[in-house]
Amino acid sequence: MQDEVLILGGGVAGCAASIALARKGRSVTLIEREPTPRHKVCGEFLSGEALEDLHALGINVASLGAVPIDYVRLAAAGRAVEAPLPFPAASLTRKALDTALIAAAIAAGVRVKRGRGVQSLNRKTTNLWQATLDDGTSYEAPTAFLATGKHDLRGHGRPKDPHQWVAFKTYYRLSAVQTADLADASELTLYSGGYGGIQRVEDGVTNFCCVVQRRYFARSGLRWEGLLAKMQQDCPHLAMRLDGAEPLLDKPIAITHIPYGYIRRTTEDGLYCIGDQAAVIPSFTGDGISVALHTARRAATAYLAGEPAPVLQTRLRSAMLPQMRLAEIAAGGLNNALARAVLPFCLSVWPGAMRVTARLTRVTQPAAVAPQVFAN
Ligand SMILES: Cc1cc2nc3c(=O)[nH]c(=O)nc-3n(C[C@H](O)[C@H](O)[C@H](O)COP(=O)(O)OP(=O)(O)OC[C@H]3O[C@@H](n4cnc5c(N)ncnc54)[C@H](O)[C@@H]3O)c2cc1C
């Protein structure tokens with residue numbers, strides 16, 4: 001079976017690129033290994049840029065129940081400070097978002113193959129990619145978009161994560177008092193080897209997502225219950241927030257080895273790498289979805305304009321490098337011992353600093369490639 005474009009992975013980046021290309025009349029097949037969208041490890045914060053791109057794709061997050069987020073609150077040891085976000089933001093479960101994106105891709109005319117994973121992607125001839133699926137079938141196209149998120153395809157992998165990050169996500173129904181107190185804030189709770197984010201999503205549910213270095217997880221006995229207890233001990237604000245909360249999942253979902261700071265250096269002709277396969281920004285910025293949408297849009301624009309994939313990849317890298325390094329420095333600062341020693345100072349400057357960080361860690365784009373390629 002041959003199409004003009006083959007998209008591997010039907011998460012944020014894969015769906016966004018497929019919709020943009022199908023709307024411009026290209027024949028696109030998208031292969032997603034999950035039969036239906038399911039929970040993903042994610043803080044589920046949607047930044048202003050993500051909201052803009054989703055709107056251009058025709059995704060109305062408010063109608064899906066997204067909760068507006070107006071404040072960011074930073075909590076460490078026994079203190080918390082907050083600042084208004086300098087951009088509109090919202091939160092929505094990935095299950096709801098991914099469901100809406102896949103539906104939009106199908107409506108745009110993308111051939112979506114679900115429940116089958118890509119095992120390998122190879123060149124069949126100089127101008128033809130061949131993806132072989134786990135059921136033995138294969139799909140071919142002159143151009144492929146690699147959008148498998150955190151999962152690497154053999155032969156197209158990314159470097160290993162030296163810090164051995166471990167991330168968890170779960171949902172709670174907070175007590176009425178804590179729900180009112182959390183209100184429309186995205187809260188960042190800090191520990192000596194990681195951080196967590198807590199914010200409301202749709203249907204009266206609250207997301208708690210955390211990322212810790214393996215050594216911190218090891219100190220808590222390599223078990224979720226121990227980790228949760230340690231995080232609450234290190235950050236009493238979290239203990240207060242979860243007081244009387246009802247856990248909604250039997251156990252949290254988890255992922256390991258997240259290559260934060262990665263930006264792909266190059267790629268092969270005819271292979272556009274997007275989303276987490278292009279760059280992995282530290283989670284505390286809440287910018288991964290925005291990066292996924294941005295790289296999808298840039299790649300779709302490049303493909304339509306005949307810009308070769310290696311040229312685009314180099315451009316993306318130099319555009320994203322400063323923001324990525326800044327986000328890494330900020331993430332390191334949140335976790336290192338020196339920063340903890342001057343925590344009262346960090347807390348006192350955080351509201352101002354966050355405004356700068358929020359702007360600088362965001363991947364901006366020139367007006368020429370603004371969201372029109374996503375529009376109908
Ligand atoms: C702990 C944590 C918290 C985060 N919090 C936030 C946040 O609050 N806000 C934010 O904006 N970003 C956040 N991010 C980042 C964000 O989740 C990702 O950057 C974003 O999902 C990347 O989109 P993607 O399309 O590249 O990958 P995904 O959305 O993960 O999609 C990849 C898809 O490919 C499919 N797939 C994988 N392998 C195969 C295969 N072999 N064959 C076929 N299909 C395959 C998967 O099933 C999946 O659906 C967070 C990340 C982490 C780790």
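Index from 1, following the sequence. When a ligand or atom number is given, it counts from 1 through the structure's own listing order.
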Practice problem: Assess V291 for proximity to ligand 1: is some non-hydrogen atom of it under 4.0 Å away? | Solution: no
Practice problem: Among all protein heavy atoms, pick the one closest to atom 21 (O) of ligand 1 and tell me residue, atom and distance. | Solution: R94 NH1, 2.9 Å
Practice problem: Tell me, please: is A50 in heavy-atom contact with ligand 1, that is, under 4.0 Å? | Solution: no
Quiz prompt | Nearest-neighbour protein heavy atom for atom 13 (C) of ligand 1, which is reported as residue plus atom name and distance | solution = C42 SG, 3.6 Å
Quiz item: N/O of F45 under 3.5 Å from N/O of ligand 1, yes or no?
Solution: yes
Quiz item: Under 3.5 Å, N or O to N or O, is A13 touching ligand 1 that way?
Solution: yes
Self-check item: Top protein contact for atom 39 (C) of ligand 1, by heavy-atom distance
Solution: T148 CG2, 3.6 Å
Quiz prompt | Q277 to ligand 1, any heavy atom closer than 4.0 Å | solution = no
Exercise. Answer yes or no for R123 and W129: cation-pi contact, defined as NZ/CZ to six-membered ring centre under 6.0 Å and angle to ring axis within 45°.
Key: yes
Quiz item: Can you find an N/O atom of D98 closer than 3.5 Å to an N/O atom of ligand 1?
Solution: no
Self-check item: atom 51 (C) of ligand 1 - nearest protein heavy atom and its distance
Solution: S283 OG, 3.6 Å
Self-check item: ligand 1 to E44 polar contact by distance, N or O atoms, under 3.5 Å
Solution: yes
Quiz item: Among all protein non-hydrogen atoms, which one is nearest to atom 44 (N) of ligand 1, and what is the separation to 0.1 Å?
Solution: R33 N, 3.2 Å
Exercise. Report yes or no: does I31 have a heavy atom closer than 4.0 Å to ligand 1?
Key: yes
Quiz item: Between D276 and ligand 1, does any nitrogen or oxygen pair lie at a separation below 3.5 Å?
Solution: yes
Quiz prompt | Identity and distance of the protein heavy atom lying nearest atom 15 (C) of ligand 1 | solution = G288 CA, 3.7 Å
Self-check item: Contacts of R94 that satisfy salt bridge (Lys or Arg N to Asp or Glu O under 4.0 Å) - sequence neighbours left out
Solution: D98
Exercise. Consider ligand 1: state whether an atom of it lies below 4.0 angstrom from any non-hydrogen atom of F284.
Key: no
Quiz item: For ligand 1, is there an N or O atom under 3.5 Å from any N or O atom of V12?
Solution: yes
Quiz item: Of the protein's non-hydrogen atoms, which lies at the shortest distance from atom 49 (O) of ligand 1, and what is that distance?
Solution: E32 OE1, 2.7 Å
Quiz prompt | ligand 1 to G286 polar contact by distance, N or O atoms, under 3.5 Å | solution = yes
Exercise. Report the residues that fulfil salt bridge (Lys or Arg N to Asp or Glu O under 4.0 Å) with D152, sequence neighbours left out, ordered by chain and then residue number.
Key: R158
Quiz prompt | Those atoms of ligand 1 less than 4.0 Å from some heavy atom in A167 | solution = 1 (C)
Quiz item: Do D134 side-chain atoms and G117 backbone N/O form a donor-acceptor pair below 3.5 Å?
Solution: yes
Quiz item: Among protein heavy atoms, which sits nearest to atom 11 (O) of ligand 1, and what does the distance come to when rounded to 0.1 Å?
Solution: I289 N, 2.8 Å
